[in-house]
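Numbers here are sequence positions counted from 1. Atoms within each ligand, like the ligands themselves, are counted from 1 in listed order. All values reported here derive from a predicted model rather than from experimental measurement.
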Amino acid sequence: MAPWRVLLVSTPIGALGTGLGGGVELTIANVARALGGRGHHVEVVAPAGSRADGAALHEVGGAPPPSAQREGRDAPTRIPPDSLLANMFSLARQRQDDHDVLVNFAYDWLGFYLTPFFSTPLAHVVSMGSLLDTVDAALGAVVRDLPGRAACHTHAQAATFAFGDGLHVVGNGLDLAHYEVGLEPEEALAWVARISPEKGLEDALAAAARVGLPLRVFGVVDDEPYWEAARRRYPGAVVSYEGFLPTERLQAELGRCQALLVTPRWDEAFGNVVAEALACGVPVVTYGRGGPAELVADGETGFVVEAGSVPALVAGIERVGELDRATCRRHAEAAFSLEAFGDRLERWLAPQVDGP
Ligand code: HBI
């Protein structure tokens, strides 16, 4: 296959490398690595202050849009003066002739709406499930008029959209060389996410208190009052807050835990932390909703339990001793390696590059 010249358009919600962009930052870095590793030439358009180790970076200034999760479903799209999003797509338009394909990661109406305006194929990786009527309308038009142009991470995420069958599922990928298998866990459980209500930390505290195991909490405190209230509500839980760690340290700490608890209150699109835990040989006990439930092989690499049920979570935790940690790593290698992800990305993009 002749090498492609690929231009990635980042989420406008935060400079890459600051953690503000959430999971999509890791996704953009791993798409660049997966395609770059196969000889394709990758460049990235991203907010000023971004870091994109390896790929050529085009930094853009301007005011970011409101975060999609904080908008009501029927909120109109708001484009501020000197819009970062508009500036990023202007740059992409100016440079499109130097590329064979553009891949957009912004979860914003404008990027989806502009798809037919570009002469170089503009494809999309959708980073979240259905949240906004304006995004659903523009993305739905892309799925209807330009089949194959839009991809997402899991079937569960696709199913949140009325047009979900038209979304190409590409999963996600990790550089597994950054993750060591931990075969001798300590008596402790792990919970990894932004500390915010939709991540359901209180259920993990309740379960840890019931099984009498310490809970190691990793992630940025996004909602301080919620964090304090959750701690007060479960005084019996032995909790150690480990902070927001870089991958190198997070994976070392994760590998020493008996299991990762995943307790989402919303439909996570993928669940990078699930792939990271499995890469460290750590079984995952997750609620049966959204992306995470699709990534765990129930009874093999973890347990998928009734969403919202703390007793079910406890039952899963009590069975993790039955699972083989090397099997968890093997599943991660089969599903989430950069090679496997690169295969899926090429299969998805080849028809877009070669045209109808
Ligand atoms: N909001 N408007 C907007 N655009 C995005 O690209 C976006 C967002 N909120 C969150 C987000 N992206 C990322 O954190 C995703 O990884 C969830």
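Considering only non-hydrogen atoms, atom 16 (O) of ligand 1 lies nearest to Val24 out of Asn104, Val126, Val24. Across Ser10, Gly14, Ser67, heavy-atom proximity to atom 9 (N) of ligand 1 is greatest for Ser67.
Of the possible polar contacts, none joining the Glu43 side chain to the Leu57 backbone as a donor-acceptor pair under 3.5 Å is found. Checking side-chain atoms of Asp108 against main-chain N and O of Leu110 turns up no donor-acceptor pair under 3.5 Å. Under a 3.5 Å cut-off, the side chain of Arg216 and the backbone N or O of Ala188 do not form any donor-acceptor pair.
Every atom of ligand 1 is numbered from 1 in the order shown, and the set under 4.0 Å from a heavy atom of Thr11 is 5 (C), 6 (O), 7 (C), 12 (N). Taking every heavy atom of Ala106 and a limit of under 4.0 angstrom, the matching atoms of ligand 1 come to 6 (O).
For atom 1 (N) of ligand 1, the closest non-hydrogen atom on the protein side is Ala68 N, 2.9 Å. Nearest protein heavy-atom neighbour of atom 14 (O) of ligand 1: Gly21 O, 2.7 Å.
Contacts of Gln69 with ligand 1, taken as heavy-atom pairs under 4.0 Å, involve the side chain alone. Neither the backbone nor the side chain of Ala269 comes within 4.0 Å of ligand 1, counting heavy atoms alone.
Look at Asp136 and Arg73 and you find a salt bridge, because one of the NZ, NE, NH1 or NH2 atoms lies within 4.0 Å of a carboxylate O, short of that distance. Residues Glu71 and Arg78 are paired through a salt bridge, judged by an N-O separation under 4.0 Å between the basic side chain and the carboxylate. A salt bridge links Arg265 to Glu202: at least one charged side-chain nitrogen sits closer than 4.0 Å to a carboxylate oxygen. Ion pair Arg329/Glu333 flagged as a salt bridge, since at least one NZ, NE, NH1 or NH2 atom sits closer than 4.0 Å to an Asp/Glu carboxylate oxygen.
The cationic group of Arg231 lies under 6.0 Å from the six-membered ring centre of Trp227 and within 45° of the ring axis, placing it in a cation-pi geometry.
No N or O atom of Met128 sits closer than 3.5 Å to an N or O atom of ligand 1. Looking at Asp108 next to ligand 1, an N or O pair under 3.5 Å apart turns up. Ligand 1 has no nitrogen or oxygen under 3.5 angstrom from a nitrogen or oxygen of Pro12.
A heavy-atom separation below 4.0 Å is found between Pro66 and ligand 1.
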